[in-house]
Amino acid sequence: MASGYKQIEEKWQKRWQAERLQISEADERPKFMIIFAYPGVTGYLHVGHMRGYTYADAISRFKRMDGHNVLFPVGTHATGNGAISLASRVASRDPDTVDYLLRNGCPEESLKLLETPEGVVDFFNDVYVNDYWKRFGFLCDWRRFTSSIRPDYNRFIQWQFRKLMDEGLLIQKPYYAPACVECGPVAVDASETDLSKGGNAEINEYTLLKFRCGDEYLIAATLRPETVFGQTNFWVNPEVEYVRVKVDGEIWVLSEPASRKLVHQIDDVDIMDKIPGRDLLGRMCEAPMIKREIPVLPALFCDPNVGTGLVTSVPSDAPDDLIALRQLQRDPEWMRSLGMDPSIADIEVISIIDIDGYGPCAAADIVDRLGIEDGNDPRLLEAKKQVYKDGHHQGRMNSNCGAYQGLKVEEAKLRMRDDMLNSGEARMFYDLSEEVVCRCGKPVMIRRVDDQWFIDYGDADLTSRTKEHCRTMDIFPTEYHNNVQGVLDWFRERACVRQGNWLGTRFPFDDNWIIEAISDSTLYPVYYLISPYANDGRILPEHMTESFFDFVILGKGESADVSKETGVSEEVLVRIRDDITYWYPLDLNLGGKEHMTVHFPAFLFNHQAIMPEHGLPRGIFVNWYITGKKGKISKSKGGAQPIPGAAEKFGVDSLRLYYSHVASPFADVEWDEDIVVSYRLRIEKVMRMVDELRTLDGEEEGVADFWILSRLSRHIQSTRAHMDSFDLRQLANVVYFDIPNDLRWYLRRGGRCKSTARTVIDSWLRMMCPITPHSAEEAWESFGGEGLISNADYPVSMGTDASSELAESYLRDVLEDINEIVRVTGMAPTKLHLYTAPEWKSKVSEMAVLMAREGNLSIPALTKSAMQDEAVRVHGKAASEFAKKTAQDTMRRSPAELERLSAPMDENSLLQQAKSFIEDEFGCNVAVHSADSESIHDPQSKAKAAAPLRPAIYLE
RNA sequence: GCGAGGGUUGCCGAGCCUGGUCAAAGGCGACAGACUCAAGAUCUGUUCCUGUAGGGGUUCGCCGGUUCGAAUCCGGCCCCUCGCACCA
């Protein structure tokens with residue numbers, strides 16, 4: 001069976017191609033332009049990635065059927081070093097890499113191609129387009145395909161940056177970034193594309209504190225500059241050899257590794273000589289800010305690779321310092337052996353920060369609470385984290401902290417740091433939290449970049465204009481519509497260029513820089529309107545000058561002038577310009593949730609900065625992920641299998657329906673093959689039902705036909721309404737679940753009408769087409785539908801028939817009641833009596849509904865007006881009881897329900913009509929009585945229980 | 001810690017904005033019956049507790065409040081997930 005899918009899929013994909021369905025050209029129709037955020041070319045994708053892409057295709061197919069001229073272009077983002085590093089791993093035939101490639105279906109002979117970055121990009125561009133998107137039946141305009149490292153794209157990006165410069169949004173300032181001492185800038189990230197070690201490292205911002213000690217300075221590195229008022233002593237590791245370096249005419253003492261890092265961050269650092277830690281012990285040094293002399297004491301925990309290898313001691317708030325100090329005080333022999341007088345360690349802890357839930361010295365508190373005595377106790381790390389966290393967020397500087405008293409720790413930290421920086425007592429120093437090693441084997445360090453370019457997303461005017469525009473956009477989920485306002489505020493300057501091993505566009509103002517990945521993927525949707533002309537050679541990269549883009553994108557200048565300058569024919573220029581005015585703005589940009597705080601804000605800002613008002617994007621749709629158990633797509637469950645393999649195994653339409661329906665797009669879903677299989681079964685079931693409908697050959701239309709046609713119209717209306725907010729899940733729910741359920745009822749009710757069946761099939765298949773186009777085409781063909789269903793119109797409601805829908809739901813209610821009685825009594829009835837309510841009860845109900853709608857329904861009011869009616873009053877006590885009950889019931893109804901209750905219905909004739917149906921259902925004779933009639937058969941006097949819309953039932 | 005999202009009946013997952021038709025859609029699973037030589041498929045019924053007459057009872061993380069009425073609105077709490085931050 002599974003192989004059958006592939007044939008059908010290929011058959012229809014070829015037909016679509018042959019009939020040029022995917023070609024989008026401007027015309028008279030309203031347009032709809034949709035993209036998904038193009039993926040980075042980083043290797044093979046897994047089945048989870050297809051979720052968002054599938055939404056985009058299904059939405060675009062719906063829009064196409066709904067009368068829009070749809071443009072759905074795709075491309076890839078190759079900027080960065082992913083391809084470079086993959087190529088180098090292939091070139092060296094790294095076994096893991098080769099295995100990964102082959103396992104995912106890479107032909108052995110392609111490995112050669114993958115040895116260059118360009119080869120990697122070409123190869124995967126092909127995989128994405130053919131094995132993923134075309135394989136899934138997407139109707140994309142493939143002529144427009146582009147990739148961010150193509151020369152024409154590069155020209156576009158350079159233009160974008162010139163525009164940003166014109167707007168004053170490119171700024172330069174110093175920046176501290178990781179770099180290999182040999183290869184230059186590298187990316188420190190968990191995937192370790194550039195690295196052989198340390199991908200999880202973070203950049204720590206240390207404050208270097210200078211302690212005057214004779215004519216030199218001991219340099220301590222701290223992450224907590226706000227604790228200087230608690231300094232009691234200085235720690236040096238007696239077993240480490242430190243170095244003296246000359247900085248700005250001063251002599252600094254710090255660890256040798258620190259000195260090697262420092263040269264990348266501070267100019268003119270001269271390394272002079274070495275000095276054993278022992279030689280520093282016992283000296284006094286002057287602590288910064290507080291200008292107090294404190295002693296230099298020995299501690300083995302000072303690591304030369306962390307910070308400067310020298311530590312200032314704040315035992316009140318640093319558990320390490322406290323433990324070291326206590327150990328020292330317990331062990332005078334060690335001090336003597338180092339030639340020191342133990343009394344020098346008689347030190348009082350100074351309390352500086354008040355934290356709720358802690359005593360005056362947080363470090364002592366937590367260390368004592370946990371019973372930590374030894375510096376090697378593994379719990380010390382935990383204690384440290386806890387104290388820092390609590391101190392940082394809840395702490396307040398106390399009366400020992402001079403001018404900073406009363407400040408929150410968070411605030412004091414920045415102020416005290418800045419004050420010390422200004423007074424020359426401190427310098428900044430950046431370091432990685434763990435050892436990071438480049439692929440080349442050399443260490444990675446933080447390097448100061450003086451002239452780093454940034455895009456100034458912090459610009460107040462740009463931010464407020466962008467926020468304003470976002471309020472007018474369609475942004476889904478609606479939570480993000482609100483949230484994006486905050487995200488835009490939070491977005492600040494972003495380093496937009498980098499040096500080193502990196503694929504991308506050269507920075508137009510300085511050839512040494514290459515534009516980084518987030519910055520060259522913001523305005524690109526508009527480039528899909530130019531790319532086809534570049535792809536077929538009508539324009540060449542060298543034609544793409546500033547005035548070219550100014551003309552086609554911004555409409556600046558005259559076509560004749562631009563033609564003369566660029567050498568592009570006027571006709572082509574005008575056509576591109578016309579295309580852009582027709583297709584832009586982008587109607588929907590669809591991307592995964594990771595884009596919410598990265599790509600979408602940049603996308604919005606760049607459009608706002610560069611494009612005129614009418615070019616600003618109209619919509620954003622964010623989709624969540626398909627995950628595996630515990631966050632990874634599990635190999636054993638097959639999720640990690642290649643996408644083409646999943647397509648083969650389950651069928652493309654099954655996967656498309658799975659993505660569309662399995663959950664709200666705004667929630668992560670755990671991948672589970674069994675669920676995909678159940679969607680495959682669902683499609684099969686639906687198709688069987690279509691087949692069954694096709695065999696119907698009845699001539700007459702009956703109540704069931706009126707009913708199903710009304711239901712169909714209702715479903716058409718509701719799916720159209722749902723798709724206004726791109727709610728594919730609701731569409732899928734109606735088409736693949738609600739409609740089959742209704743059809744089951746139709747058949748059960750004896751519906752056999754050929755013309756009804758044809759109407760239903762015709763509409764129903766069209767409704768399937770956005771999500772399961774291959775199956776829909778196949779069934780459409782068997783049905784004898786005209787042309788391609790993918791090219792057909794989405795059905796239009798023929799109008800609903802409320803009374804027939806009410807009648808059927810009434811009948812279902814009656815059936816349900818009978819059923820329940822049968823079940824509860826355990827009877828197998830031989831005869832079934834139904835008694836509809838007498839006329840006078842209907843009168844009372846009508847009165848109640850009327851009074852409720854006018855808002856003056858109450859028990860006495862209803863009773864009173866009911867009793868004024870002669871026909872009611874003759875029923876005496878029964879009448880007043882019924883009025884009371886009816887009033888109570890009706891008062892609780894919502895307006896919508898009152899509406900329903902007020903619709904007229906002849907229950908008796910309805911039941912008479914359905915008599916044979918009910919007889920078939922229960923396999924017994926049915927008699928329908930009106931409680932009004934005289935001398936009815938009613939041995940257990942059930943008839944008196946009859947109420948409007950609730951006939952009494954008696955089983956024999 | 002900040003920001004965002006979430007906790008619904010065996011499971012998945014609607015509902016919550018716009019309170020009443022909600023014991024709460026739909027699917028899956030399970031059970032029973034029909035069809036069938038049989039299996040599968042299909043159809044029907046059941047699937048919180050309870051009930052030999054269509055009823056009653058207790059539910060939607062926990063506690064409280066508003067209301068004639070709360071899964072839905074308000075306040076507090078607990079837990080989970082994700083960003084960001086923090087951490088010599």
Side-chain angles (χ1 to χ4, degrees), chain A residues 202 204 206-207 220-224 227 235 301-303 305-314 318 320-321 381-382 384-394 409-410 413 429 431 433 477-480 482-483 486-487 490 593-594 596-598 624-625 627 631 661-664 666-670 672 674-675 677-679 681-682 684-685 688-689 692 729-730 732-734 736-738 740-741 744 747-748 809 813-827 829 888-889 891-901 921 923 940 942 945 950-955:
Chain A
E202 290 172 43
N204 284 327
Y206 289 100
T207 306
T222 182
L223 290 167
R224 303 197 68 196
T227 61
W235 296 119
F301 77 89
C302 300
D303 181 341
N305 291 305
V306 176
T308 54
L310 295 170
V311 175
T312 180
S313 172
V314 185
D320 275 333
D321 295 342
L381 186 69
E382 204 42 52
K384 199 156 60 178
K385 280 191 171 178
Q386 194 60 45
V387 167
Y388 287 153
K389 194 174 184 175
D390 292 342
H392 184 262
H393 297 295
Q394 301 164 33
V409 167
E410 276 182 281
K413 174 181 242 154
F429 172 61
D431 196 11
S433 60
T478 48
E479 286 80 4
Y480 186 54
N482 301 327
N483 204 217
V487 173
W490 165 84
K593 65 175 178 180
E594 79 276 18
M596 286 196 289
T597 52
V598 185
W624 267 238
Y625 304 145
T627 65
H661 185 261
V662 68
S664 154
F666 317 126
D668 289 334
V669 173
E670 209 172 80
D672 183 341
D674 294 344
I675 304 216
V677 169
S678 80
Y679 280 104
L681 295 173
R682 171 57 52 168
E684 288 171 4
K685 195 170 180 172
R688 268 196 305 273
M689 195 162 237
E692 189 180 349
R729 182 168 208 268
Q730 290 295 340
N733 211 46
V734 168
Y736 301 89
F737 296 92
D738 293 347
N741 283 347
R744 220 157 60 201
L747 294 170
R748 191 172 163 191
S809 88
D813 288 346
V814 172
L815 242 50
E816 219 168 88
D817 277 351
I818 301 171
N819 232 317
E820 185 166 3
I821 297 168
V822 169
R823 181 167 48 85
V824 170
T825 61
M827 291 170 74
Q888 279 174 339
D889 282 357
M891 279 191 291
R892 265 193 257 130
R893 306 294 181 179
S894 62
E897 222 184 343
L898 291 173
E899 184 74 27
R900 192 171 67 90
L901 290 173
E921 287 287 310
Q940 287 191 13
K942 295 288 185 193
R950 199 95 205 265
I953 298 162
Y954 171 55
L955 267 51

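All values below come from the heavy atoms of this structure, side chains included, with hydrogens, waters and symmetry mates left out. Below, read A as the first sequence line, B as the second, and so on, with proteins coming before strands; counting in each chain starts at 1. Everything numeric here is computed off the predicted structure, so don't read it as measured data.
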> Under 4.0 Å, heavy atoms only, any strand: does Leu747(A) hit a base, just the sugar-phosphate, or nothing?
nothing
> Nearest of G51(B), U42(B), G27(B) to any side-chain atom of Val824(A)?
G51(B)
> Give a yes/no answer on whether the side chain of Lys413(A) brings an N or O atom under 4.0 Å of OP1 or OP2 in C87(B).
yes
> To check you understand the geometry: which heavy-atom pair defines the closest contact between Asn305(A) and Asp431(A), and what is its length?
O-OD2, 4.0 Å
> I need the Thr478(A) OG1 to Phe666(A) CZ distance, nearest 0.5 Å.
7.5 Å
> Distance check, rounded to the nearest 0.5 Å: Ile953(A) atom CD1 versus Asp817(A) atom CG?
4.5 Å
> Touch check for Leu223(A), heavy atoms < 4.0 angstrom, all strands: base, sugar-phosphate only, or nothing?
sugar-phosphate
> What is the base-pairing partner of G54(B), counting Watson-Crick and G-U wobble geometry with both distances under 3.5 Å?
none
> Who does C2(B) pair with, Watson-Crick or G-U, both distances under 3.5 Å?
G83(B)
> For G26(B), which nucleotide in any strand shown is its Watson-Crick or wobble partner with both distances under 3.5 Å?
C12(B)
> Under 4.0 Å, counting only non-hydrogen atoms across every strand here, what does Pro951(A) touch: a base, just sugar-phosphate, or nothing?
base
> Take nucleotides 16-22 of chain B nucleotide by nucleotide from the 5' end and write B, S or -, depending on whether a protein heavy atom sits under 4.0 Å from the base, only from the sugar-phosphate, or from neither.
----BB-
> What is the distance from CG of Asn733(A) to P of G13(B), rounded to the nearest Å?
14 Å
> Say you pick atom C1' in G51(B) and the same atom in G61(B); how far apart are they, in whole Å?
31 Å
> Which part of the nucleic acid does Phe301(A) contact within heavy-atom distance under 4.0 Å: base, sugar-phosphate only, or nothing?
base
> Between A25(B) atom C1' and Phe737(A) atom CZ, what is the distance in whole Å?
12 Å
> Looking at SG of Cys302(A) and CH2 of Trp235(A), how far apart are the two atoms once the value is rounded to the nearest 0.5 Å?
8.0 Å
> Could you state the CD-C1' distance from Glu670(A) to C28(B), rounded to the nearest angstrom?
15 Å
> Distance check needed: A88(B) C1' versus Asn305(A) CG, whole Å only.
13 Å
> With a 4.0 Å cutoff (strictly under), does any side-chain N or O of Arg744(A) reach OP1 or OP2 of U44(B)?
yes
> When both hydrogen-bonding distances must be under 3.5 Å and the geometry is Watson-Crick or G-U wobble, what is G45(B) paired with, if anything?
C31(B)
> Going by purine N1 to pyrimidine N3 plus the second Watson-Crick contact, or the G-U wobble pair, all under 3.5 Å, which nucleotide sits opposite C77(B)?
G61(B)
> Can you list the steps and then say if His661(A) with Tyr736(A) is a ring-ring contact (aromatic ring centres under 6.0 Å, His included)?
CA-CA 9 Å; His661(A) 185 261; Tyr736(A) 301 89; 8.1 Å; no
> Which nucleotide in the set G26(B), G54(B), C28(B) lies at the smallest distance from any side-chain heavy atom of Ser678(A)?
C28(B)
> Quick check: does any side chain N or O of Asp668(A) sit under 3.5 Å from a backbone N or O of Trp624(A), one acting as donor and the other as acceptor?
no
> Report, as a single string ordered 5' to 3', how protein heavy atoms within less than 4.0 Å touch nucleotides 3-9 of chain B: B base, S sugar-phosphate only, - not at all.
-SS----
> Using the side-chain heavy atoms of Ala945(A), tell me which of these nucleotides is nearest: A14(B), A53(B), G54(B).
G54(B)
> Which is more 5' along RNA chain B, the nucleotide nearest Leu955(A) or the one nearest Asp303(A)? Just name the residue.
Leu955(A)
> Looking at the side chain of Arg748(A), which of G27(B), C84(B), U44(B) is the nearest nucleotide?
U44(B)
> Could you walk me through whether Thr207(A) and Phe429(A) satisfy the side chain to side chain contact (heavy atoms under 4.5 Å, CB included) test, starting with their C-alpha distance in whole Å, then the side-chain angles of each, then the deciding distance to 0.1 Å, before giving a yes or no?
CA-CA 6 Å; Thr207(A) 306; Phe429(A) 172 61; over 6 Å; no
> Return the minimal non-hydrogen interatomic distance between Met596(A) and Val487(A), and the atom names on each side.
O-CG1, 3.7 Å
> Could you measure between the two P atoms, the one in U72(B) and the one in C16(B), and give it in whole Å?
12 Å
> Starting at the 5' end of RNA chain B, which residue's closest nucleotide do you reach first, Gly309(A) or Tyr679(A)?
Tyr679(A)
> Roughly, in whole Å, what's the span from CD1 in Ile953(A) to P in U52(B)?
18 Å
> Between A71(B) and C60(B), how far is it from one P atom to the other, in whole Å?
7 Å
> Work out how far the C1' atom of C12(B) is from that of C17(B), and round it to whole angstrom.
24 Å
> Please report the distance separating the P of C63(B) from the corresponding atom of U8(B), rounded so that it comes out in whole Å.
16 Å
> Looking across every strand, which nucleic acid part, if any, lies under 4.0 Å from Asn819(A) by heavy atom: base, sugar-phosphate, or nothing?
sugar-phosphate
> Rounded to whole angstrom units, what separation is found between the CD atom of Glu820(A) and the P atom of G51(B)?
14 Å
> Taking the same atom, C1', in U47(B) and in C28(B), what whole-Å distance lies between them?
13 Å
> Return the value, rounded to whole Å, for the distance between atom CD of Glu692(A) and atom P of A41(B).
17 Å
> According to the Watson-Crick and G-U wobble definitions, with both distances under 3.5 Å, which nucleotide is paired to A88(B)?
none
> How would you label the contact of Asp431(A) with the nucleic acid (heavy atoms, under 4.0 Å): base, sugar-phosphate, or nothing?
nothing
> Which distance, rounded to the nearest 0.5 Å, do you find between the NZ of Lys413(A) and the CG of Leu223(A)?
7.0 Å
> What distance do Asn819(A) atom CG and Glu921(A) atom CD have between them, rounded to the nearest 0.5 Å?
8.5 Å
> Which part of the nucleic acid, if any, lies within contact of Thr478(A), taking any heavy atom under 4.0 Å across all strands shown: a base, the sugar-phosphate backbone alone, or nothing?
nothing
> Base, sugar-phosphate, or nothing for Arg729(A), non-hydrogen atoms under 4.0 angstrom?
sugar-phosphate
> When you measure from the side-chain N and O atoms of Arg950(A) to the phosphate of G55(B), is any distance below 4.0 Å, counting only OP1 and OP2?
yes
> Between C87(B) atom P and Asp320(A) atom CG, what is the distance in whole Å?
15 Å
> For Lys593(A), is there any backbone N or O sitting under 3.5 Å from a side-chain donor or acceptor partner on Tyr480(A)?
no
> Between A70(B) and C49(B), how far is it from one P atom to the other, in whole Å?
24 Å
> Can you tell me how far apart CZ (Arg224(A)) and OG1 (Thr312(A)) are? Round to the nearest 0.5 Å.
12.5 Å
> On a whole-Å scale, what distance lies between the C1' atoms belonging to G65(B) and C31(B)?
43 Å
> Are any side-chain N or O atoms of Asn204(A) and backbone N or O atoms of Tyr206(A), one a donor and one an acceptor, separated by less than 3.5 Å?
no
> Counting the atoms with a prime plus P, OP1 and OP2 as sugar-phosphate, which does Ala952(A) contact under 4.0 Å by heavy atoms, base, sugar-phosphate, or nothing?
base
